[in-house]
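Here is how names work: the chains are called A, B, and so on, in the same order as the sequence lines, proteins then strands, and each is numbered from 1. Note that these values count all heavy atoms, side chains included, but never hydrogens, waters or copies made by symmetry.
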Amino acid sequence: MNIEGRIAEVVTQSIEELSGQAPKLGQVVLQRTRKDFEGDLTLVVFPFVKLMRRSPEETARFIGDLLVEKLDEVERFNVVKGFLNLSLSNNYWLEFIRKNTGDPDFGLVKPSAMPEKGTEKPVVVEYSSPNTNKPLHLGHVRNNLLGYSVSCLLQGAGRKVVKVNLVNDRGIHICKSMLAWMRFGRGETPESTGKKGDQLVGDYYVRFESELRDQVRQLMEDEQLGEEEARREAPLMKEAQELLRRWEAGDDEVVKIWKLMNGWVYEGFDATYKRMGVDFDKIYYESDTYLLGKDTVLDGLQRKALYRKEDGSVWADLQDEKLDDKLLLRADGTSVYMTQDIGTAQLRYYDYQPELMVYVVGNEQNHHFNVLKKVLHKLDKPYAEAIYHLSYGMVELPQGKMKSREGTVVDADELMDEMEATARRMTEELGKTQDFSDAEKKELYHLIGLGALKYFILKVDPKKNMLFNPEESIDFNGNTGPFIQYTHARIRSVLRTAGKERLMRVHDFSADIELQEKEKQLIKTIYDFPGVVKEAAEEMSPARIANYVYEVAREFNQFYHDHSILNEPDKQLSDFRLCLSELTAQTIRNAMGLLGIRVPERM
RNA sequence: GGUUCCGUAGCUCAGCUGGAUAGAGCAACAGCCUUCUAAGCUGUGGGUCCCAGGUUCGAAUCCUGGCGGAAUCACCA
């Protein structure tokens, strides 16, 4: 048992002995002592003063005496008001460093500790889920980074994770791009234009919308139609719908073009994903799942869990849930978004029997997932309760929401270009890479640029909307990814200088060391890492990790500024500091890894 | 209008299941490189934690009601 547990045990026992009544479970609260007080752990004694029938100070002193007496690790204590501040022995902290230095998995649940393969039910995490008609933008970037990081987080906490992507490859949107390409494309391909496939297809989507706008304007003028009606009546729109009908009917020519253009998009997405550093264990395509959704709905209809209206459309009655009824199949038998999601949930359950199905999807779809759960419940699906919507906030620009129509979307590829360019400029200004090869430079700028971007996005609480200002480019100083990466590189530099042989040897440094304030602070923060991973995984909040690892880096830099490591004349002390530095670097590496951010050896 | 989420320094954000005097970064100003990487460190100024009640020994945190903002309430996805 860890020290917190043992302290809590002694406290509980002694209170019970003395007052004849045990404190309630949540009443024994142990927390880190605040920096401005002496001590390591603090017990809040207010909850027991009534039981003990003594003043808070007396109660605290009583418990403090007992702890010092019973536990070797508790060396001394002081009492401030109702707060009992406990100081643990130097040896306790030194032992912690000695035990964990050199462990590459520090803070993570080791793969060996995980149950046998196949015996544990996995968590399926769906993220990204792009439409195939346009390239990825900043909103998708937040989604991808969150999804990937949450997957790492769950894995780091010992869960088995399956990362899946659900590609929305069918529907009217792709037909629009197809139509514009057929009409205006003159056989253009990614090869012939040198454009990324997703960008090319996106261009045709934009082309469609602009041509459609012209037609709509014309119709509104000529026929005096309202905008909505004009959109419906526009020839291009009708053609797009016709294309969709032909696709659903399996028309060879249409399917051929559909496959061709989707193929281009996938190549483009793959490049973007790779560059972003995210990946998937399994890719689902909506074109494969929507039919299963249809079947599931029809099956539900047969079992009278759903009902059919006179026009033939199929609905779920959600009156009991105080929600409006939800359409699941149109009168013409075609499916809607919800139908498709019923199908994918079903398929996913077949494929993995997951304990939990996480959907990383923006908060604009809160209602959708609420309804999805209710409908699955109605259909008696056992996995209805397994669905968890990890709802995240929008990325806003200073002008407000990104709008493709107003050309204010921030393209993912361009953004990464800019981040890498900034990384290059900053690094060259600082003159840090003179002895790097071209390949090393390229790699480093990628690593730093992406690190800055990822950290910037992940440090914000997922559920909150966040602001991105393209004018002020993302910072590289202060609470940023590069600052943390830099701290890691700094430590690695020291460790390199020390040399491998010495590092191996120092792992059991002598114990007889008096700890300095900055050293102790750093140790205590690192000590928290495993607990932080656990909590972050439970909350599915990478932000928790991001803010934590920043604290680690900040504290290391203070320590580094105040104390020498290799130049420390006391050999034992030098050895210890080397270990502390090594464990700090490992903590930073592992924490950043959970965010999907890599750290450099040199920068 | 109903539902959900958000509101903390000039700006961007932390603040864990209620705990001590509310913290960082940016921006501003002032310092620190003959010593292991200055993308660093130190200091100064900057707060009605949206407002009002309530619960509690104790509330930025929990509850109720306002105010402000966002999302959603589709036979779009």
Colleague: How far does the C1' atom of B/C13 sit from the matching atom of B/A22, given to the nearest Å?
Modeller: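 The same atom, C1', in both gives a distance of 14 Å.
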Colleague: For nucleotides 21-35 of chain B, read 5' to 3', which letter fits each nucleotide if B means a protein heavy atom sits under 4.0 Å from the base, S means only the sugar-phosphate is that close, and - means neither?
Modeller: S-SSSS--------S
Colleague: Between B/G15 and B/U64, how far is it from one C1' atom to the other, in whole Å?
Modeller: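 Roughly 24 Å separates the two C1' atoms.
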Colleague: Taking any strand in view, what nucleotide pairs with B/C26 in a Watson-Crick or G-U wobble way, both distances under 3.5 Å?
Modeller: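 Base partner found: B/G10.
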Colleague: Produce a footprint string for nucleotides 2-11 of chain B: one letter per nucleotide, 5' end first; B if the base is under 4.0 Å from any protein heavy atom, S if only the sugar-phosphate is, - if neither.
Modeller: ---SSS----
Colleague: Just how far, in rounded Å, is P of B/C16 from CD of A/Glu551?
Modeller: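 Going from CD in A/Glu551 over to P in B/C16 covers 13 Å.
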Colleague: With C1' as the reference atom in both, quote the distance from B/G10 to B/G45 in angstrom, rounded to an integer.
Modeller: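 That atom pair is separated by 13 Å.
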Colleague: Check the angle between the aromatic planes of A/Phe46 and A/Phe83 and answer parallel, tilted or perpendicular using the 30° and 60° thresholds.
Modeller: perpendicular
Colleague: Return the nearest nucleotide to the side chain of A/Arg490; candidates are B/A39, B/U37, B/C57.
Modeller: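 Between B/A39, B/U37, B/C57, the one nearest the side chain of A/Arg490 would be B/U37.
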Colleague: May I ask you to evaluate whether A/Lys432 reaches the phosphate of B/U37, defined as a side-chain N or O under 4.0 Å from OP1 or OP2?
Modeller: no
Colleague: Is any side-chain nitrogen or oxygen of A/Gln365 closer than 4.0 Å to OP1 or OP2 of B/A77?
Modeller: no
Colleague: Rounded to whole Å, please give me the gap between CG in A/Asn557 and P in B/U42.
Modeller: 9 Å
Colleague: Looking at A/Tyr337, I'd like to know whether one of its side-chain N or O atoms comes within less than 4.0 Å of OP1 or OP2 on B/A77.
Modeller: no
Colleague: Is there a donor N/O on one and an acceptor N/O on the other, under 3.5 Å, for the side chain of A/Thr427 and the base of B/A39?
Modeller: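 Indeed, a donor on one side and an acceptor on the other fall under 3.5 Å apart.
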Colleague: Would the base of B/C16 count as contacting A/Arg544 through its side chain, where contact means a donor and an acceptor less than 3.5 Å apart?
Modeller: yes
Colleague: What integer distance in Å separates A/Phe83:CZ from B/G18:C1'?
Modeller: 11 Å
Colleague: If I take atom CD1 from residue A/Ile588 and atom OH from residue A/Tyr548, how far apart are they, to the nearest 0.5 angstrom?
Modeller: 9.5 Å
Colleague: Going by salt bridge (charged side-chain N to carboxylate O under 4.0 Å, His left out), name the pairs with one or both residues in residues 426-435 of chain A, residues two or more places apart or in two chains.
Modeller: A/Arg425-A/Glu429, A/Asp435-A/Arg602
Colleague: So what does A/Asn131 hit on the nucleic acid, given a heavy-atom distance under 4.0 Å: a base, only sugar-phosphate, or nothing?
Modeller: sugar-phosphate
Colleague: Just to verify, what does A/Gln365 make a side chain to side chain donor-acceptor pair (under 3.5 Å) with, not counting sequence neighbours?
Modeller: A/Tyr337
Colleague: How would you label the glycosidic angle of B/C11: syn (within 90° of 0) or anti?
Modeller: anti
Colleague: Measure from CD on A/Glu396 to P on B/A70 and round the result to the nearest Å.
Modeller: 8 Å
Colleague: Could you measure between the two C1' atoms, the one in B/U72 and the one in B/U56, and give it in whole Å?
Modeller: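 36 Å, rounded to whole Å.
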Colleague: B/A71 and B/G31: how far apart are their P atoms, nearest whole angstrom?
Modeller: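 About 47 Å, rounded to a whole number of Å.
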Colleague: The side chain of A/Glu364 lies closest to which of these nucleotides: B/U42, B/U72, B/U37?
Modeller: B/U72
Colleague: Work out how far the P atom of B/G54 is from that of B/U61, and round it to whole angstrom.
Modeller: 14 Å
Colleague: For residues 31-59 of chain A, which residue pairs qualify under salt bridge (charged side-chain N to carboxylate O under 4.0 Å, His left out), counting only residues two or more places apart or in two chains?
Modeller: A/Arg32-A/Asp528, A/Arg34-A/Asp36, A/Lys35-A/Glu555, A/Glu38-A/Arg76, A/Asp40-A/Lys520, A/Asp40-A/Lys524
Colleague: Going by salt bridge (charged side-chain N to carboxylate O under 4.0 Å, His left out), name the residues that satisfy it together with A/Lys322, two or more places apart in sequence or in a different chain.
Modeller: none
Colleague: Would you kindly check if the NZ (Lys) or CZ (Arg) of A/Arg170 is within the cone defined by 45 degrees around the ring axis of A/Tyr290 and under 6.0 Å from the six-membered ring centre?
Modeller: yes
Colleague: Which of these passes side chain to side chain donor-acceptor pair (under 3.5 Å) with A/Arg598: A/His446, A/His488, A/Glu443?
Modeller: A/Glu443
Colleague: Using whole Å, report how far NZ of A/Lys518 lies from C1' of B/G40.
Modeller: 13 Å
Colleague: Parallel, tilted or perpendicular for A/Trp315 and A/Tyr307, by the 30°/60° rule?
Modeller: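 A/Trp315 and A/Tyr307: parallel rings.
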Colleague: Between A/Lys524 (NZ) and B/C16 (P), how many Å, whole number?
Modeller: 19 Å
Colleague: Scan A/Asp169 against the nucleic acid and name what it touches under 4.0 Å (heavy atoms): base, sugar-phosphate only, or nothing.
Modeller: nothing
